[in-house]
Amino acid sequence: PVIHPGPCPLVTTTGFYPAFPQVLFSLTSGKLIYIFLQKNYKHSRSSWPSTCGRLISTREMVFMEEKILRVLTIDDSEDDVLLIIRELRKGGYHPEYKRIETEADMRKLLLEEQWDIVLCDYKMPKFSAPQAIAVFKEFNMDIPFIVISGTIGEKTAIECMRLGAHDYFMKGKLSRLCPAIDREMEDAKSRIKQKQAEEALKKSEELYHVLADNITEHVWIMDLNLKPLYLSPSAEKLYGYPLDELKTLSFKQLFTEES
């Protein structure tokens, strides 16, 4: 990579040509941005680093933070999909999408590629939203699934959400689509973080039990009422009682003068 100094330091890959848009990393924000150059801008590749600061200050370049969205669209109409993609771009997203309309294609793409969201028409000649939701649930993917249709009624929409869809929209009323996607994406991130935290806690508890169950020292945990919650196996040798019986004893019974 090449580092370009200036008011907004940038990193590009080698082989960069200023005559074309190029994806860059911003060193100040650490995020992906696009650069759009004026059509009449003519500079050699070697002069780019020294002119970077001047170009930014004279507004010969426009920086736009990218919100890349990998979209799997399930729809039999390419025109309808293009209208949805246009709405996503208006909302600040940079959609990378593929359109399919059969169950076989859906299974193939869910298996082979990663997606951020699924947008599905309700009724198609060879497929439907309820069928797509059933396939989607088989893959156990925690990403938003949104139904977008021109013929869906309120009862049908509610049924789709009962089956597992996260939201629904009419194709002619997409003004709140992007805010809904923002919300669903954040909810999905929260669920993933929660799941990761729970898995980490589970692993930590399993490791603790492995250690506690195999040390010779006595380990015991009690609640606020001094009732045993956990006793390590070594307690059997110390007290002379089976663990199940020890857990039924009170603090006073365990720690008597005789003991």
Side-chain angles (χ1 to χ4, degrees), residues 20-24 26 29 31-36 61-103 105-106 108-110 112-137 139 141-192:
F20 301 96
Q22 172 73 29
V23 177
L24 304 174
S26 168
S29 67
K31 296 180 179 179
L32 278 174
I33 54 176
Y34 259 128
I35 278 190
F36 297 89
M61 306 168 72
V62 180
F63 292 81
M64 295 181 64
E65 184 177 321
E66 287 293 279
K67 292 169 65 178
I68 296 175
L69 189 69
R70 295 166 295 186
V71 187
L72 178 60
T73 61
I74 307 174
D75 201 311
D76 61 325
S77 172
E78 178 68 21
D79 290 340
D80 287 350
V81 169
L82 291 176
L83 289 174
I84 294 170
I85 295 303
R86 185 176 69 177
E87 191 68 28
L88 294 177
R89 287 173 177 154
K90 285 170 58 179
Y93 284 104
H94 178 70
E96 297 176 353
Y97 77 98
K98 287 187 178 180
R99 183 182 69 84
I100 59 171
E101 50 185 293
T102 66
E103 178 179 340
D105 287 340
M106 181 181 182
K108 182 175 184 295
L109 289 182
L110 288 181
E112 296 178 354
E113 300 186 32
Q114 290 186 333
W115 304 98
D116 297 316
I117 191 168
V118 178
L119 304 179
C120 183
D121 192 5
Y122 180 75
K123 189 175 182 180
M124 295 157 280
K126 300 179 181 180
F127 209 21
S128 68
Q131 291 174 305
I133 293 171
V135 173
F136 178 76
K137 291 170 72 173
F139 283 80
M141 301 177 69
D142 199 354
I143 61 174
F145 186 107
I146 297 178
V147 177
I148 303 179
S149 177
T151 59
I152 195 170
E154 185 176 354
K155 289 184 178 180
T156 305
I158 292 173
E159 177 63 14
C160 285
M161 295 188 69
R162 188 190 67 80
L163 292 173
H166 294 88
D167 210 336
Y168 67 91
F169 291 89
M170 302 295 288
K171 286 185 176 179
K173 300 178 180 179
L174 297 176
S175 59
R176 66 181 187 90
L177 175 61
C178 286
I181 290 176
D182 289 340
R183 182 192 67 245
E184 293 297 338
M185 295 284 286
E186 287 301 317
D187 289 347
K189 289 179 183 178
S190 298
R191 289 193 299 270
I192 290 172

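Quick caveat: nothing in here was measured; it's all calculated off a predicted structure.
Here the closest heavy-atom approach between residue P144 and residue I117 is recorded as O-CG1, 3.4 Å. Nearest heavy-atom pair across F145 and A129 is CZ-O, 4.4 Å. In terms of heavy atoms, E101 sits closest to F127 at O-CB, 3.5 Å. The two atoms that bring L72 and W115 nearest to each other are N-CE3, 3.5 Å, heavy atoms only. Taking all atoms of both residues into account, the shortest heavy-atom contact from F136 to I143 is CZ-O, 3.2 Å.
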Please evaluate residues L88 and I181 with respect to the criterion side-chain contact (heavy atoms from CB on, under 4.5 Å), reporting the C-alpha separation (whole Å), side-chain torsions for both, the decisive distance (0.1 Å), and the verdict.
CA-CA 9 Å; L88 294 177; I181 290 176; 3.4 Å; yes

Which is it for L69 and M185 under the side-chain contact (heavy atoms from CB on, under 4.5 Å) test, yes or no, and what are the steps along the way?
CA-CA 10 Å; L69 189 69; M185 295 284 286; 3.8 Å; yes

Verdict with reasoning, K67 to D182, per salt bridge (Lys or Arg N to Asp or Glu O under 4.0 Å)
CA-CA 11 Å; K67 292 169 65 178; D182 289 340; 3.8 Å; yes

Decide yes or no on side-chain contact (heavy atoms from CB on, under 4.5 Å) for V81 and L119, but give the supporting numbers first.
CA-CA 9 Å; V81 169; L119 304 179; over 6 Å; no

E113/K98 under salt bridge (Lys or Arg N to Asp or Glu O under 4.0 Å): CA gap, chis, key distance, verdict
CA-CA 11 Å; E113 300 186 32; K98 287 187 178 180; 2.5 Å; yes

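Salt bridge D121/K171: present, at least one basic N to carboxylate O contact under 4.0 Å. Ionic pairing of R183 and E186 is not present here: no N-O contact between side-chain nitrogen and carboxylate oxygen is shorter than 4.0 angstrom. Looking at D167 and R176, a side-chain N of the basic residue comes within less than 4.0 Å of a carboxylate O on the acidic one, giving a salt bridge.
Within 6.0 Å of the CZ atom in R86, the count of heavy atoms belonging to other residues, nucleotides or ligands does not exceed 12.
Of the inter-residue distances, the one linking I85 atom CD1 with E96 atom CD reads 10.5 Å to the nearest 0.5 angstrom. Separation of atoms CD (E154) and OH (Y168) is listed at 5.5 Å; rounding is to 0.5 Å. Interatomic distance, CG of L163 versus NZ of K137, reported as 6.5 Å (0.5 Å rounding). Note: D116 CG to E184 CD = 13.5 Å, rounded to the nearest 0.5 Å. Note: E103 CD to I74 CD1 = 10.0 Å, rounded to the nearest 0.5 Å.
For the pair K126 (side chain) and D76 (backbone), a donor-acceptor distance under 3.5 Å is absent. H166 places no side-chain N or O within 3.5 Å of a backbone atom of I146 that could act as its donor or acceptor partner. For the pair R99 (side chain) and D75 (backbone), a donor-acceptor distance under 3.5 Å is present.
Looking only at side-chain heavy atoms (C-beta outward), E87 and L83 stay at 4.5 Å or farther from each other. For the pair I148 and D80, the minimum side-chain heavy-atom distance is 4.5 Å or more. Between S149 and K123 the shortest side-chain heavy-atom distance does not fall below 4.5 Å.
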